[in-house]
Undergrad: 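My questions all concern the structure below.
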Number of protein chains: 2
Amino acid sequence: MELDDRKLKILQAIIKNYLETGEPVGSRTISKYTDLNLSSATIRNEMADLEELGYIIQPHTSAGRIPTDKGYRLYVDTLMQEKVDEVNNMRDDLLEKADRMENLLQQVAKMLAANTNYATMVTTPKYRSRKIKFLQLTDVDEYQVLAVIVLEGNIVKNRMFRSDVALVKEDVLKLNLALNTFLQGLDIEEINIGLVQKLKTQVGAYQELVSEILDAIATAIQEEGDIRVYTSGATNILKYPELSDMNKARDILSTLENKEELTQFVENGDIKPDEKRGIQVYIGDENKVDSMKDCSVVTATYEIEEGIYGKVGIIGPKRMDYERVVGTLQNMMGQLDDIFKNKKP
Amino acid sequence: MELDDRKLKILQAIIKNYLETGEPVGSRTISKYTDLNLSSATIRNEMADLEELGYIIQPHTSAGRIPTDKGYRLYVDTLMQEKVDEVNNMRDDLLEKADRMENLLQQVAKMLAANTNYATMVTTPKYRSRKIKFLQLTDVDEYQVLAVIVLEGNIVKNRMFRSDVALVKEDVLKLNLALNTFLQGLDIEEINIGLVQKLKTQVGAYQELVSEILDAIATAIQEEGDIRVYTSGATNILKYPELSDMNKARDILSTLENKEELTQFVENGDIKPDEKRGIQVYIGDENKVDSMKDCSVVTATYEIEEGIYGKVGIIGPKRMDYERVVGTLQNMMGQLDDIFKNKKP
DNA sequence: TGTTAGCACTCCATAATGATGAGTGCTAAC
DNA sequence: GTTAGCACTCATCATTATGGAGTGCTAACA
């Protein structure tokens with residue numbers, strides 16, 4: 001049996017209707033609301049075929065049909081027409097509140113959640129290597145010193161340290177110089193014990209302080225390598241009855257709260273930010289995260305600079321409005337491109 | 001009618017039982033599980049009295065009784081015996097992960113949620129005034145400059161700026177000096193237009209940059225004045241059937257997600273961190289936040305240094321295990337005291 | 001006077017029953 | 001190939017019965 005044009009049209013109609021209502025859709029509905037001019041009986045025959053082909057399924061005998069994962073897949077791959085997103089200038093709103101990367105991303109999550117009525121996630125970009133650009137020690141008072149660590153890509157970290165011995169201004173300057181000569185341009189792996197020893201011989205009374213600082217640098221770099229995830233609109237999940245079942249809801253919400261599992265969507269090797277801005281759709285069982293098996297997740301990839309990517313994700317029921325979501329995401333990716341190209345924040 | 005000793009004992013028994021089961025409790029249960037040696041009939045008479053006094057209520061005729069808000073209130077005020085918290089050394093776990101304030105507080109929220117099975121919130125401390133201790137400009141490359149702003153209390157903020165004109169190293173140093181002489185020790189209100197103009201006359205070509213920096217300082221101080229709220233264990237709410245009703249759950253969870261309303265618990269004037277470490281209990285309608293009218297919230301106050309407070313809160317059903325929660329909170333406040341006194345992080 | 005046993009009564013929860021209606025598959029006719 | 005018609009299935013909803021938990025009241029008892 002083949003998927004002829006008519007079958008496709010019927011399938012499309014079924015899915016579209018189901019996306020709207022969430023109820024199984026029957027033959028009479030299709031017969032009335034399409035321009036095919038076919039009786040419900042004919043539609044029934046076609047629907048039987050579509051069921052045999054695995055695109056739709058009956059939740060029980062004598063109920064209408066609902067799409068299977070395979071049906072949804074066909075739909076997002078070939079059948080749907082993307083909607084152009086009407087919310088087109090989010091950019092200004094975005095910039096207004098977002099003075100820093102962290103806030104920007106949180107804001108992106110929030111706006112997407114508000115616009116789509118689904119749950120959203122945004123990951124921080126994943127860097128490949130983190131080298132030390134420079135660091136700077138400043139004495140804050142007699143016993144405290146502030147270390148500002150600047151990593152390649154202008155990531156800035158700061159730590160406050162307390163010294164057991166009183167600090168001498170000139171010594172801090174010297175220490176600063178020594179640390180910079182030794183560490184500038186180094187990656188974390190390159191800071192080995194030999195180097196540390198060598199450095200320590202040069203710093204006299206401040207050995208303790210130096211180890212603390214080195215530790216801090218290590219964790220700072222480490223920390224920046226970690227991907228953080230911001231979420232928003234988690235409670236939107238409860239708007240969809242098929243997910244509001246106590247157990248499902250709890251699972252999904254706690255995944256969103258704990259975030260660790262969400263990074264799985266980033267780790268997916270197949271980033272291709274070229275075509276369609278790297279938008280990918282994971283339907284039901286296609287999700288690797290267990291709690292999401294009843295959801296669909298749409299992810300998009302944003303690029304901060306050459307080779308440095310982060311992901312944006314929308315999490316909703318399988319019957320989510322794919323067209324709108326994809327449109328909104330494409331739009332948002334455009335806005336982000338603008339922002340990062342102009343490097344305003 | 002008076003609340004005699006026997007009535008108190010019965011009330012206590014009713015509440016205790018209800019805290020455990022969440023089911024209305026009947027006269028026979030009390031008759032069996034207390035050492036009062038009274039028949040169910042006698043208990044019934046007493047219960048009728050207690051109902052008349054407003055401490056308990058019947059959800060419907062011929063059901064057992066459940067405590068009213070007034071009943072709970074009496075219970076937490078006089079009847080309960082605090083449990084000593086068995087989880088007594090959280091301190092080490094806490095320090096391990098918490099290299100910075102932000103992480104520490106997040107971690108506190110997490111641990112409390114794990115220990116209590118309720119939702120938790122932790123607010124950042126509220127400072128009264130924020131003065132500039134010093135700031136430091138560093139040229140990162142030809143067009144970019146990093147400003148590190150250190151506020152009183154060693155709050156460190158950093159911003160990156162881009163200049164339109166190429167930067168000269170000596171100019172940056174001069175700028176640094178000028179900014180510091182003008183701004184050191186100033187509060188945000190003290191940075192007025194007159195001062196800004198005066199400053200601008202001194203900086204030659206960098207007027208643009210200076211306004212940007214001043215803006216950044218203003219928002220940085222502002223930002224630090226804002227109270228942020230960390231939450232954890234929001235999904236624990238769904239473990240309690242009386243809160244799992246779709247609408248209630250959505251309301252509570254979105255309050256937890258959006259956080260704004262939660263700061264109301266901080267704004268409460270009556271902070272008295274002395275007795276009992278400032279633990280306060282808000283039962284049902286005593287909560288100002290609408291979505292929490294079916295919950296109880298227990299808050300505690302931690303003190304970072306003289307006069308600088310933050311709050312920790314536990315949010316659960318009205319039948320929460322008050323004894324345990326209060327115990328756990330007291331313990332946690334102790335741990336935090338330790339940490340802040342020793343100023344490790 | 002306080003306590004208790006006994007009994008009628010109330011009301012929730014649960015299961016069983018039946019009616020309704022949406023939707024199907026199949027067959028026969030167009 | 002398409003359609004009308006019909007018997008059939010099954011979820012949903014309202015209705016009804018049944019059991020049990022718990023009460024309030026009364027009368028008897030210590």
Undergrad: Could you give the CG-to-P distance, from B:Asn17 to D:dG22, as a whole number of Å?
TA: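 Atom CG in B:Asn17 sits about 10 Å away from atom P in D:dG22.
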
Undergrad: Taking atom P of C:dT1 as reference, at what distance in whole Å does atom CG of B:Asp4 sit?
TA: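 In whole Å, C:dT1 P lies 16 Å from B:Asp4 CG.
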
Undergrad: Can you check whether B:Leu262 reaches B:Leu256 side chain to side chain, under 4.5 Å on heavy atoms?
TA: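 Side-chain contact under 4.5 Å: yes.
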
Undergrad: Could you please name the partner base of C:dA28, counting Watson-Crick and G-U wobble pairs only when both distances are under 3.5 Å?
TA: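 For C:dA28, the partner nucleotide comes out as D:dT3, under the 3.5 Å rule.
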
Undergrad: Quickly work out the A:Glu23 CD to D:dA11 P distance and round it to whole Å.
TA: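 Nearest whole value for this atom pair: 14 Å.
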
Undergrad: Can you tell me the Watson-Crick or wobble partner of C:dA15, both distances under 3.5 angstrom?
TA: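 Per the H-bond distance test, D:dT16.
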
Undergrad: Ignoring hydrogens and angles, state whether a donor on the side chain of A:Ser291 or A:Thr255 is under 3.5 Å from an acceptor on the partner side chain.
TA: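 Yes.
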
Undergrad: Flag the pair B:Phe265 / B:Asn287 as yes when at least one side-chain heavy-atom distance between them is below 4.5 Å, and no otherwise.
TA: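 In contact.
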
Undergrad: Give the rounded distance in Å between these two atoms: CZ of B:Arg6 and P of C:dG2.
TA: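 Interatomic distance, CZ of B:Arg6 to P of C:dG2: 9 Å.
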
Undergrad: List the protein contact pattern of nucleotides 12-26 of chain C with one symbol per nucleotide (5' to 3'): B for base contact, S for sugar-phosphate-only contact, - for none; contact means a heavy-atom distance under 4.0 Å.
TA: S----------BBB-

Undergrad: Over 60° means perpendicular and under 30° means parallel, so tell me whether B:Tyr18 and B:Tyr72 are parallel, tilted or perpendicular.
TA: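 Tilted.
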
Undergrad: Tell me if the NZ atom of A:Lys9 is crowded by more than 12 foreign heavy atoms within 6.0 Å.
TA: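 Open: at most 12 neighbouring heavy atoms sit under 6.0 Å from NZ of A:Lys9.
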
Undergrad: Could you state the CD-P distance from A:Glu46 to D:dT2, rounded to the nearest angstrom?
TA: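 Whole-Å distance recorded here is 7 Å.
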
Undergrad: Please give, in whole Å, the distance from C:dG2 C1' to B:Ile10 CD1?
TA: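 Rounded to the whole Å, the gap is 13 Å.
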
Undergrad: Just so I know, are the side chains of A:Lys239 and A:Asn117 near enough to count as touching, which here means a heavy-atom distance under 4.5 Å?
TA: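 Contact flag for A:Lys239/A:Asn117 side chains = yes.
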
Undergrad: Determine: side-chain N/O of A:Thr42 to OP1/OP2 of D:dT2, distance under 4.0 Å, yes or no.
TA: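 False: A:Thr42 side-chain N/O out of range (4.0 Å or more) of D:dT2 OP1/OP2.
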
